Amino acid sequence: DAIRIEGLAGAAGATLNFARDVAILPDGRIVVAGYARNAGSTSFAGALVRLLPNGALDSTLDGDGILVLAPAGQNHQFFELAVRANGNLVVAGRYDDTVIDGQLSVVEFSPAGLPVGFNTVDLFPTQDDLPVELLLEPDGRMVAAALAFNVDEVAITRWHTNYVLDTSYGGDGIGHHDWTESIWNADLDRLESGRYVLGVMSDSWTGFRWLLPNGTSDPATCDGPPFC
C-alpha cells in the first residue's frame, strides 16, 4: 500500500516534499525523515513522519504523526535518521538562518516529538554541508558524515550525547578525509572493533578507507594514496 501526505511544511499546498531516510522500529512502526517547502516559499522545513504498521499516521508523534521543524527565518533539511533504543529520533541535516549558511546540524527529538538536543558545525565554509550518514555508537555518541559538491574530501564528526563535539576524534571532533578527486557520494559504517569504514565515489573510481576510533587512517589497511 502507499500513502500520500500533503502539507508537510506546516500548511496546505506543500509543493516539494522529499523523503531522505527511513527506519523501521522494533514494533513495526515506520519513521521517515526528509524536508518540504510550501508553495511560494524559499525555505525548507525539516520533517519527520511516523506511521503505524498498517500505514496510518502515528498520532503519538507531535499529535498527528507529523513533526515539522520550521522556525521563522530558519531553513532545515533532514537527510539522515537514526533511532535510539528509547525511541528518540536523531537526524543529521543541513541548517541555515540569516547568519549561518548551510551547516551540518544534528537534532534529537523524544518519541513524542519534543526537542532533546541540537547543534551545528560548519564543515565546508564556502559550500553547503551535505549529510551522507548518521551512526549511533553503543555508548550513545553520534557520528555524522558530510561532503560538499566539487570538494575532494569527506568530513566526519563525532558528538557526545550532550551535543558537544567529541575531541577524542580528530582532536576537535572533526576529521577531514582528503581524496584526490571531487567526491560525489560517500557512506560510512562502524565495525564491532570500533573502527569505521568510509566508502566514497568519484567520477573515475570507488575507494574505501578504514579509520581508527580516533579518526586516523588504519595503517594496517592502507594501499597508498588516496586510500589512506
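Given the structure is predicted, the values throughout are model-derived calculations rather than measurements. In what follows, every heavy atom counts, from backbone to side chain, and hydrogens, waters and symmetry copies are set aside.
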Trace of the side chain to side chain contact (heavy atoms under 4.5 Å, CB included) decision for Asp62 with Phe109:
CA-CA 10 Å; Asp62 207 36; Phe109 301 94; over 6 Å; no
Looking at side-chain heavy atoms only, is the closest gap between Arg94 and Leu130 below 4.5 Å?
yes
Indicate, with yes or no, if Leu81 and Leu25 share a hydrophobic cluster defined by side-chain heavy-atom contacts under 4.5 Å among Ile, Leu, Val, Met, Phe, Trp and Tyr.
yes
Rounded to the nearest 0.5 Å, what separation is found between the CG atom of Leu147 and the CD1 atom of Ile183?
8.0 Å
State which residue, out of Thr60, Val83, Leu61, fulfils the side-chain contact (heavy atoms from CB on, under 4.5 Å) condition with Arg29.
Thr60
Could you tell me how the ring of His76 sits relative to the ring of Phe78: parallel (under 30°), tilted (30 to 60°) or perpendicular (over 60°)?
perpendicular
From Tyr35 atom OH to Leu69 atom CG, the distance as rounded to the nearest 0.5 Å:
15.0 Å
Minimum-distance pair of heavy atoms, taken over all atoms of Asn88 and Asn86:
N-OD1, 2.9 Å
Quick one: are Val151 and Ser182 in side-chain contact, heavy atoms under 4.5 Å?
no
Is Ile156 reachable from Leu136 through a run of I, L, V, M, F, W or Y residues, each pair having side-chain heavy atoms under 4.5 Å apart?
no
Identify whether Leu134 and Tyr163 are in the same connected component of the hydrophobic contact network (ILVMFWY, side-chain heavy atoms under 4.5 Å).
yes
Pairwise side-chain contact, Val32 with Val22, heavy-atom cut-off 4.5 Å (strictly under)
yes
Looking at every heavy atom in both Leu48 and Ala33, which two are closest together, and how far apart are they?
CD2-CB, 3.6 Å
With a 4.5 Å limit on heavy-atom distance, are the side chains of Leu211 and Ser217 in contact?
yes
Could you tell me whether the side chain of Asp58 and the main chain of Leu52 form a donor-acceptor pair under 3.5 Å?
no
Are Val200 and Phe149 linked, directly or through other ILVMFWY residues, by side chains that come within less than 4.5 angstrom of each other?
yes
Distance from His160 atom NE2 to Asp139 atom CG, nearest 0.5 Å?
9.0 Å
Would Leu57 and Asp64 count as a side chain to side chain contact (heavy atoms under 4.5 Å, CB included) here? Give the steps.
CA-CA 7 Å; Leu57 286 165; Asp64 60 0; 5.9 Å; no
Can you check whether Tyr169 reaches Val143 side chain to side chain, under 4.5 Å on heavy atoms?
no
Are Leu198 and Phe124 connected, step by step, through hydrophobic side chains (Ile, Leu, Val, Met, Phe, Trp, Tyr) whose heavy atoms are closer than 4.5 Å?
no
In the structure I gave you, are the side-chain heavy atoms of Leu165 and Thr157 within less than 4.5 Å of one another anywhere?
yes
Would you check if the side chain of Trp210 reaches a backbone N or O of Phe208 as a donor-acceptor pair within less than 3.5 Å?
no
Just wondering, do Glu133 and Tyr196 contact through their side chains at under 4.5 Å, heavy atoms?
no
Pairwise distance OG1(Thr161) to CZ(Arg84) - rounded to 0.5 angstrom
6.5 Å
What heavy-atom pair brings Thr120 and Ser105 nearest, and what distance separates the two atoms?
CG2-CB, 3.9 Å
Quick one: do Trp205 and Thr180 satisfy side chain to side chain contact (heavy atoms under 4.5 Å, CB included)? Show the steps, please.
CA-CA 11 Å; Trp205 47 257; Thr180 58; 3.7 Å; yes
Are the side chain of Arg158 and the backbone of Pro213 linked by a donor-acceptor contact shorter than 3.5 Å?
yes
Counting N and O atoms only, with roles assigned by atom type, does the side chain of Asn185 sit under 3.5 Å from a partner on the main chain of Met201, one being a donor and the other an acceptor?
no
Counting distance only, does the side-chain N/O of Asp129 pair as donor-acceptor with the main-chain N or O of Leu123 below 3.5 Å?
yes
Indicate yes or no: at least one non-hydrogen side-chain atom of Leu104 is less than 4.5 angstrom from one of Pro131.
yes
Should the pair Phe118 and Tyr95 be assigned to parallel (<30°), tilted (30 to 60°) or perpendicular (>60°) ring geometry?
perpendicular
